[in-house]
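Beneath this line is the structure, given in structure tokens, with notes to follow.
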Amino acid sequence: MTIRNRAYIVGAYEHPTRKAPDKSVAQLHAESARGALADAGLTKDDVDGYFCAGDAPGMGPLSMVDYMNLKVRHVDATDIGGSSYLMLVAHAAEAIAMGKCSVALITLAGRPRSEGGMQVRAGNASQPDVQWEYPFGVTVANAYALCAMRHMHEYGTTSEQLAWVKVAASHHAQWNPHAMLRDVVTVEDVVNSPMVTDPLHRLDCCVISDGGGALVVVSPEIARSLSRPLVAVRGAGEAPKHTMAGGVDLTFSGGRWSGPIAFAEAGVKPSDIKYASIYDSFTITVVMQLEDIGFCEKGGGGRFVSDGNLISGVGKLPFNTDGGGLCNNHPANRGGITKVIEAVRQLRGEAHPKVQVPNCDLALAHGTGGLLGTRHGSATLVLERQ
Amino acid sequence: MSEHPTRAIPAPTPSPESQAFWEAARHEKFVLPRCSACGKTHWYPRAVCPHCFGDCDAWVEASGTGTIYSYSVMRRAPQPYAIAYVTLAEGPTMLTNLVGCDFDALRIGQSVRLQWVATEGGPPVPCFTPVE
Ligand SMILES: [Zn+2]
């Protein structure tokens, strides 16, 4: 049993807002859903499966199918943080392959910019790890910084190498009129920006934005009845990683496990990939994930991303051609759905002409949600234009 | 640079399975859970052994020594602080803070020893300080 070629992404929509104090979260979900269905050439009444994650307000799928007045026969609200939406594409494909639904809608939305950004989160006292971590001031940024610091210690990775990830993203964002940060930056700009939490500078961190996004995944029969390019889900993998009962190892992410599963199902290898969306919550996230999913050897990520190797038209692996989370958009503090959306644009040939990868027929989207330094969920998708 | 003052640390919220740990902490006794089935310890403390699913109903006093596995100094806080993973002599690696030290002199691999730090209205939490 495989999902390979059993489901197609026919609708993809990124909400253009980056600050939405005058809209509700549910409204942003619905506006994103409307955009993705219009992109696919479908209507809300065609939807028979709904997928969301932790950003969905209220009782998640119940609140949202009620708000949107959907009549569905399958729901899934599995939450592994910001990478959930990559995984939900796979879950939608699985449900479609099993006949549980045929038009799956996935939505994400949130307003962290209007609501005050990233705070040290107390969490829920019943969450078993909270009493052992919250008193020590764990935040999103320093949980990733712990990984960066260890990576530098183990492999000699430098701040200048990490900076190249942001430089590449900025080269792409200059062409995206919706991007929050459109100025091209240099390695010097990044390493000279204020230190947030060693060794991560302000420009090593992604933006905080309001917004949303949605995807429509359908059965092969429905995909062929529509007028959109055929973007097949060719392979997928998912893997949580955690503190391993005290056997903490910050040198790798769950991508080490999710990547090979996705490549095996797709029957391709990293060197076949023409474009990659890589979750860029922080620059270190990209470096570690590229190593873990096999684009370079472990510890070689810093060298791999250097000298513009991720810049479309310049390097060997064009990545995040929308500007990514580092420059474009990180709606709801969750970058998973925008990773899929830009991969779909590339496969359709609908990316900005300045960053469009020629003959882009095989793309990868990969993400890490939660906190890289404590517990996180990795998800990998291999997508193909047919 | 001189030593940094310690920031105010919020109190941990004990759960039924961690009461014994925090009660020991009030007496500045640092204990680790030990599984009665497999004999292993782990972190963070759980009543059900994460190695074998046996009962972890025993606590053993730890040496309070370890080494820095990784750390990061949060500079964008009213009072900068150093979060860290410390690998204990007994094996497990735990999230903690490094205190009573020059943050700019910290390095991975450094030896550290336990230092209890008071919290706002709760039991003290186990932090660590570099050994000279
Ligand atoms: Zn055991």
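Just the heavy atoms: all of them, side chains too, but no hydrogens, waters or symmetry mates, feed the values below. By convention in this document, chain letters (A, B, ...) are assigned in the order of the sequence lines, proteins followed by strands, and residues within each chain are numbered from 1.
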So which heavy atom on A:Gln131 is nearest to which on B:Trp22, and how close?
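Here A:Gln131 and B:Trp22 meet closest at OE1-NE1, 2.8 Å.
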
B:Arg7 and A:Gly137: which non-hydrogen atoms are nearest, and at how many Å?
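What the structure gives for the nearest pair is NH2-N, 3.3 Å.
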
Mind running side chain to side chain contact (heavy atoms under 4.5 Å, CB included) on A:Asp249 and B:Tyr69 for me, showing each step along the way?
CA-CA 9 Å; A:Asp249 186 342; B:Tyr69 175 76; 3.7 Å; yes

Take the angle between the ring planes of A:Trp132 and B:Phe21 and call it parallel below 30°, perpendicular above 60°, tilted in between.
perpendicular

Within a strict 4.5 Å, meaning less than it, do heavy atoms of the [X] and [Y] side chains meet?
X: B:Tyr85; Y: A:Thr243; value: yes
X: A:Val138; Y: B:Ile83; value: yes
X: A:Met195; Y: B:Arg76; value: no
X: A:Tyr134; Y: B:Pro12; value: no
X: A:Val196; Y: B:Arg75; value: no
X: A:Asp129; Y: B:Leu95; value: no

State the CG-CE distance between A:Leu200 and B:Met74, to the nearest 0.5 angstrom.
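Going from CG on A:Leu200 over to CE on B:Met74, the span is 9.5 Å.
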
What option among B:Leu88, B:Thr87, B:Val73, B:Thr119 has the most heavy-atom pairs under 4.5 Å with chain A?
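Ranked by heavy-atom pairs under 4.5 Å with chain A, first place is B:Val73.
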
Examine distances only and state if a side-chain atom of B:Ser70 and a backbone atom of A:Met149 form a donor-acceptor pair shorter than 3.5 Å.
no

Under the 3.5 angstrom rule, does the side chain of A:Asp198 hit a backbone N or O of B:Ser72 as a donor-acceptor pair?
no

With only heavy atoms counted, which part of A:Thr374 is less than 4.5 Å from chain B, the side chain, the backbone, both or neither?
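Both backbone and side chain of A:Thr374 come within 4.5 Å of chain B.
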
Which answer fits B:Arg46, side chain, backbone, both or neither, if we ask what part of it has an atom under 4.5 Å from a heavy atom of chain A?
side chain

